[in-house]
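Worth knowing before you read on, the calculation uses all heavy atoms, side chains too, and leaves out hydrogens, waters and symmetry mates. Nothing fancy with the numbering, it's 1 onward along the sequence.
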Amino acid sequence: VQLQASGGGLVQAGGSLRLSCVASGAPGGTFSSYAMGWFRQAPGKEREFVAAVSWSGGSTYYTDSVKGRFTISRDDAKNTVYLQMNSLKPEDTAVYYCAAENRPYRNNYPQWRDGGMYYWGKGTLVTVSS
């Protein structure tokens with residue numbers, strides 16, 4: 001599975017951005033069976049979990065610092081996952097990575113949060129100015 005993220009850019013604090021991630025290469029009709037996630041890595045820091053959505057969008061998960069500001073969603077017909085980011089803060093500045101997971105033994109949120117996912121895309125840079 002290949003993941004292509006887009007939508008990053010420069011925005012002022014308080015502004016909004018929507019990231020998109022298109023998946024390709026999954027066997028026909030199986031994108032909905034992948035859990036999808038967004039992670040980020042700020043300069044000088046380790047990569048951290050941001051948000052995840054379970055297969056078929058049944059459940060969503062967020063790190064505390066983005067709850068109420070970010071929304072993850074998926075469109076299985078388009079093999080795409082989105083991250084709507086509102087009320088952006090300078091501390092949200094990071095490279096954002098899209099990820100996917102379909103291993104049956106890695107099928108829950110704590111595992112994704114703590115251990116990441118299996119497939120990774122190249123990141124897209126989000127810069128929030130104060």
Side-chain angles (χ1 to χ4, degrees):
V1 174
Q2 293 79 48
L3 304 172
Q4 181 64 54
S6 62
L10 174 64
V11 63
Q12 289 188 333
S16 298
L17 282 174
R18 188 176 81 154
L19 305 184
S20 300
C21 174
V22 180
S24 61
T30 64
F31 175 74
S32 62
S33 68
Y34 289 73
M36 300 298 296
W38 289 95
F39 295 74
R40 67 186 180 186
Q41 186 167 19
K45 295 187 177 181
E46 294 186 352
R47 187 164 56 191
E48 66 171 351
F49 169 82
V50 176
V53 58
S54 64
W55 35 86
S56 299
S59 300
T60 57
Y61 309 92
Y62 301 91
T63 192
D64 286 346
S65 62
V66 308
K67 284 180 180 176
R69 300 189 298 123
F70 290 12
T71 302
I72 188 170
S73 61
R74 63 188 300 157
D75 184 340
D76 290 342
K78 296 181 178 180
N79 286 6
T80 300
V81 63
Y82 304 98
L83 185 68
Q84 178 66 45
M85 305 186 295
N86 299 328
S87 301
L88 282 160
K89 304 175 181 180
E91 52 263 43
D92 294 319
T93 295
V95 177
Y96 284 71
Y97 296 91
C98 174
E101 177 65 73
N102 72 332
R103 293 173 293 178
Y105 55 90
R106 301 260 317 165
N107 61 357
N108 61 76
Y109 159 62
Q111 290 175 319
W112 309 329
R113 178 195 63 204
D114 299 338
M117 293 183 169
Y118 187 67
Y119 298 98
W120 294 90
K122 294 182 179 180
T124 185
L125 176 63
V126 173
T127 303
V128 184
S129 63
S130 57

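Between atom OG of residue S59 and atom CG of residue N108 there is a gap of 11.5 Å, rounded to the nearest 0.5 Å. The OG atom of S32 sits 11.5 Å away from the CH2 atom of W55 when rounded to the nearest 0.5 Å. Rounding to the nearest 0.5 angstrom, the gap separating the OH atom in Y61 from the OG atom in S54 is 5.5 Å.
When the side-chain contact (heavy atoms from CB on, under 4.5 Å) test is applied to S16, the partners found at least two apart in sequence or on another chain are Q84, N86. Among residues two or more places apart in sequence or in another chain, the ring pair (Phe, Tyr, Trp, His ring centres under 6.0 Å) test is passed with Y97 by none. The salt bridge (Lys or Arg N to Asp or Glu O under 4.0 Å) search around R40 returns E48, D92, not counting sequence neighbours. With sequence neighbours excluded, the residues satisfying side-chain contact (heavy atoms from CB on, under 4.5 Å) with K45 are A42. Residues satisfying the salt bridge (Lys or Arg N to Asp or Glu O under 4.0 Å) criterion with R47, sequence neighbours excluded, are absent altogether. With sequence neighbours excluded, the residues forming a side-chain contact (heavy atoms from CB on, under 4.5 Å) with V22 are T80, listed by chain and number.
Heavy-atom minimum distance, M117 versus A100: CB-O, 3.4 Å. Taking both residues in full, the closest heavy atoms of A26 and T30 are given as CB-OG1, 3.6 Å, listed atom of the first, atom of the second, then distance.
For residues 25-58, there are no disulfide (SG to SG under 2.5 Å) pairs, not counting sequence neighbours. Screening residues 26-76 for disulfide (SG to SG under 2.5 Å) gives no qualifying pairs among residues at least two apart or on separate chains. Among residues at least two apart or in separate chains, salt bridge (Lys or Arg N to Asp or Glu O under 4.0 Å) pairs with a member in residues 54-65 are D64-K67. Residues in residues 1-112 take part in these disulfide (SG to SG under 2.5 Å) pairs, two or more places apart or across chains: C21-C98.
Under a 3.5 Å cut-off, the side chain of R106 and the backbone N or O of G116 do form a donor-acceptor pair.
If you chain together ILVMFWY residues whose side-chain heavy atoms come under 4.5 Å of each other, L19 ends up grouped with V1, L3, V11, L17, F31, Y34, M36, W38, V50, V53, Y62, V66, F70, I72, V81, L83, M85, L88, Y96, Y118, Y119, V126, V128. Through ILVMFWY side-chain contacts below 4.5 Å, Y105 is grouped with nothing and stands alone.
Contact of the K89 side chain with the R69 side chain is registered, since non-hydrogen atoms from C-beta on lie closer than 4.5 Å.
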